[in-house]
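These notes are about the structure you will find just below.
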Amino acid sequence: MKSYITTPIYYVNGSPHIGHAFTSVMADILKRNRQALGCDVMLSTGVDEHGQKNQEAAAELDMGYQDFLDMRGKEFRSVFDLVGISYDYFVRTSREGHKQAVAGMEQTIFDKDLIVKKNYTGTYCKGCEEFKKESDLTEDGQCPLHPTMQVEQTEETNYFLKMEPFRERLLQHIADNPDFVQPEAFRNELKQMLAEPLEDLCISRPKSRVTLGVDLPFDPDFVTYVWFDALTNYLTNIDWPEDGYEGWWAECEHLIGKDILKPHGVYWPIMLMAAGLPLPKKLSVHSHWVGAGGVKMSKSIGNVVDPIEVVEKLGVDALRWYLARHMRADSDSQISVELITQTYNSELGNKIGNLLSRVAKFSNKNFDGKVPAPGPLTADDEALRKSVVEAASGFSRWIDLQDIPARAQAIVTLAEEMNEYIDKQAPWTLFKSEETRERCQTVIYVTLDCLRVIMEALQQVIPGSADKALAMLNAPEAPRPWTPVLDRLEGNGQLGEIESLFPRVQ
């Protein structure tokens, strides 16, 4: 089975921030989950290099376009590599093959008389790079997504895609495919967007205003609207329009933030319908991150979270774990360096890392550096082992974006139960007597083997730390497709080098 996962491609007018890292980390978790299930997976992420905002950003730095795009593309790729994104394709919309395919789609739609040229007067938001209806604006007449930017009254001639002929068809597709948009709150929001007749979509910008983009194939005085260009990357990444893209496209899942639901849920499906192409399988939508106390992140306030800063202070898996544990698909979530540090110390450090460290060190010291062979199991042992299989089995099933926090929470709850188990069994006391030493061996074996199962599951979320832990346990390679299987640690097998997995950070 195939799985094609995409993130949005990110504007390069600014440096990568926590929002970019978040969506791509979630996509990476989904990829690792699907791979663990035995799927053939492709993950694409990357950058959107065209449009007015990028053009102006290059000018502000007094850089040539190509030098600017190369610099920003390298910066984004570096951050994604830093946070462990196992992408298969890094998108750059300046790629010649992509531009040719975009122009080909436009020509196809134009030839069907679905694109018309006309003069338009309207309100334009430079931040969104799109025209706005009055109903799209706040009471103060500003764009709600870019409240610090002044909208402009613009009159110009452009090309427009006819949208209304496809509205009912798109609504029917949503009705026939209830999983097309997840979670349900955003599906309802999309249906509301389609409740009224749609205005034609402006798909061009005159070169007198914007030159950084794909030339319209039927009028060289215009470039393609940046969203039309950008959305097409999801097809060009898999070599459309060449043969062979169909298998991937049939299993395509777009991960997006709630602020770009309209381009992905309205513009993109109608573009595809107009071009005679099938729609993607799913739109998985998430909400945003805000600062501590629910305050919107702002450089002026000083509450912006820099992913590079977090990784340098706490390590990559502290960031990945917090994003997985505390994201909420249908409501905004709070984030700060302090909150990430607290979660890292309390959950990864105290509940998981400390348990592994003290049990592995105890076994290393008292059983000649080996995993002790277990004796008969008690009811307490079996209860813990059952809990481990139940909690870890969430990672042996297909995970959707909105499932990630609950699957991570299940591991935290399990770690708490394991700590209670080891404290109750007190192997350090059992070891002191010859009569209870076999029981000590069993407790240590059960704990270490259960930790192995947890770490195999966590390879999907915090792969670097999970791999280190499995090396400490000298665990055999996890099977594929993965499922939580007990008793795979070898009794009397040698332990690896023991190290502190999550050292405490102040």
Side-chain angles (χ1 to χ4, degrees), residues 4-28 31 42-103 126-129 205 210-215 223-240 254-257 259-260 263-264 268 299 304-312 316 319-320 323:
Y4 173 33
I5 302 166
T6 75
T7 76
I9 51 174
Y10 308 110
Y11 274 129
V12 294
N13 61 312
S15 296
H17 56 63
I18 197 66
H20 305 136
F22 168 64
T23 309
S24 294
V25 167
M26 295 305 102
D28 181 73
K31 175 184 175 177
M42 178 176 176
L43 167 58
S44 72
T45 192
V47 291
D48 182 355
E49 299 177 301
H50 294 149
Q52 186 174 359
K53 288 194 293 188
N54 294 335
Q55 180 176 308
E56 292 179 352
E60 287 174 7
L61 294 176
D62 195 24
M63 293 181 70
Y65 291 155
Q66 196 57 52
D67 288 342
F68 173 78
L69 298 178
D70 289 346
M71 176 192 74
R72 285 292 197 220
K74 183 178 180 180
E75 188 177 3
F76 273 80
R77 188 188 286 264
S78 175
V79 169
F80 292 158
D81 290 344
L82 179 69
V83 298
I85 311 301
S86 56
Y87 53 84
D88 301 284
Y89 189 90
F90 189 86
V91 181
R92 294 191 62 179
T93 53
S94 61
R95 181 174 63 87
E96 195 58 40
H98 169 79
K99 293 192 287 187
Q100 291 176 3
V102 170
K126 190 182 294 185
C128 295
E129 296 204 46
R205 297 293 184 265
V210 183
T211 58
L212 188 57
V214 178
D215 287 356
V223 296
T224 302
Y225 171 42
V226 67
W227 268 112
F228 192 110
D229 169 7
L231 290 163
T232 310
N233 93 89
Y234 301 130
L235 281 169
T236 61
N237 299 345
I238 49 175
D239 296 330
W240 177 86
H254 298 323
L255 267 59
I256 61 170
D259 58 319
I260 53 175
H264 284 81
W268 181 223
K299 288 182 180 179
V304 173
V305 176
D306 180 354
I308 297 176
E309 176 191 344
V310 174
V311 172
E312 288 177 347
V316 61
L319 177 63
R320 289 177 64 102
L323 295 178

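Note that the structure is a prediction, hence the values are computed from the model and not measured. Numbers here simply count residues along the sequence, with the first being 1. All values below come from the heavy atoms of this structure, side chains included, with hydrogens, waters and symmetry mates left out.
Residues that satisfy the salt bridge (Lys or Arg N to Asp or Glu O under 4.0 Å) test with Asp229, not counting sequence neighbours, are absent from this structure. For Asn13, there are no side-chain hydrogen bond (donor to acceptor under 3.5 Å, both in side chains) partners, not counting sequence neighbours. For the side-chain hydrogen bond (donor to acceptor under 3.5 Å, both in side chains) test, residues two or more places apart in sequence or in another chain that qualify with His264 are Tyr234. By the side-chain hydrogen bond (donor to acceptor under 3.5 Å, both in side chains) test, His17 pairs with His20, sequence neighbours left out. With sequence neighbours left out, Tyr65 forms a side-chain hydrogen bond (donor to acceptor under 3.5 Å, both in side chains) with no residue at all.
Atom OG1 of Thr232 sits about 7.0 Å away from atom CH2 of Trp240, to the nearest 0.5 Å. Here OG of Ser24 is found 9.0 Å from CG of Leu255. Values are rounded to the nearest 0.5 Å. With rounding to the nearest 0.5 angstrom, the OH atom of Tyr89 is 8.5 Å from the CG atom of Asn233. One distance of note links CE of Met71 with CE of Met63; it measures 4.5 Å at 0.5 Å rounding. Put simply, CG on Asn54 and CD on Gln52 are 10.5 Å apart, with the number rounded to the nearest 0.5 Å.
Between the Asp48 side chain and the Tyr11 main chain, no donor and acceptor come within less than 3.5 Å of each other. Between the side chain of Thr224 and the main chain of Val214, a donor-acceptor pair closer than 3.5 Å is present.
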With side-chain contact (heavy atoms from CB on, under 4.5 Å) as the criterion, how do Phe80 and Asp28 come out once you've worked through the C-alpha distance, each side chain's angles and the decisive distance to 0.1 Å?
CA-CA 10 Å; Phe80 292 158; Asp28 181 73; over 6 Å; no
May I have the step-by-step check of side-chain contact (heavy atoms from CB on, under 4.5 Å) for Val223 and His50, ending in yes or no?
CA-CA 10 Å; Val223 296; His50 294 149; over 6 Å; no
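Under the 4.5 Å side-chain criterion, counting only non-hydrogen atoms from C-beta, Thr7 is not in contact with Tyr87.
Remark: of the listed residues Arg92, Gln66, Arg95, Gln55, Arg92 is the sole one forming a side chain to side chain donor-acceptor pair (under 3.5 Å) with Glu49.
Annotation: salt bridge (Lys or Arg N to Asp or Glu O under 4.0 Å) contacts involving residues 73-87, sequence neighbours excluded, comprise Arg72-Glu75.
For Pro8 against Thr23, the heavy-atom pair with the smallest separation is CD-CG2, 3.7 Å. Smallest separation of non-hydrogen atoms from Ala103 and Asp215: CB-O, 4.4 Å. Scanning both residues, Leu319 and Pro307, for their nearest heavy atoms gives CD2-CB, 3.9 Å.
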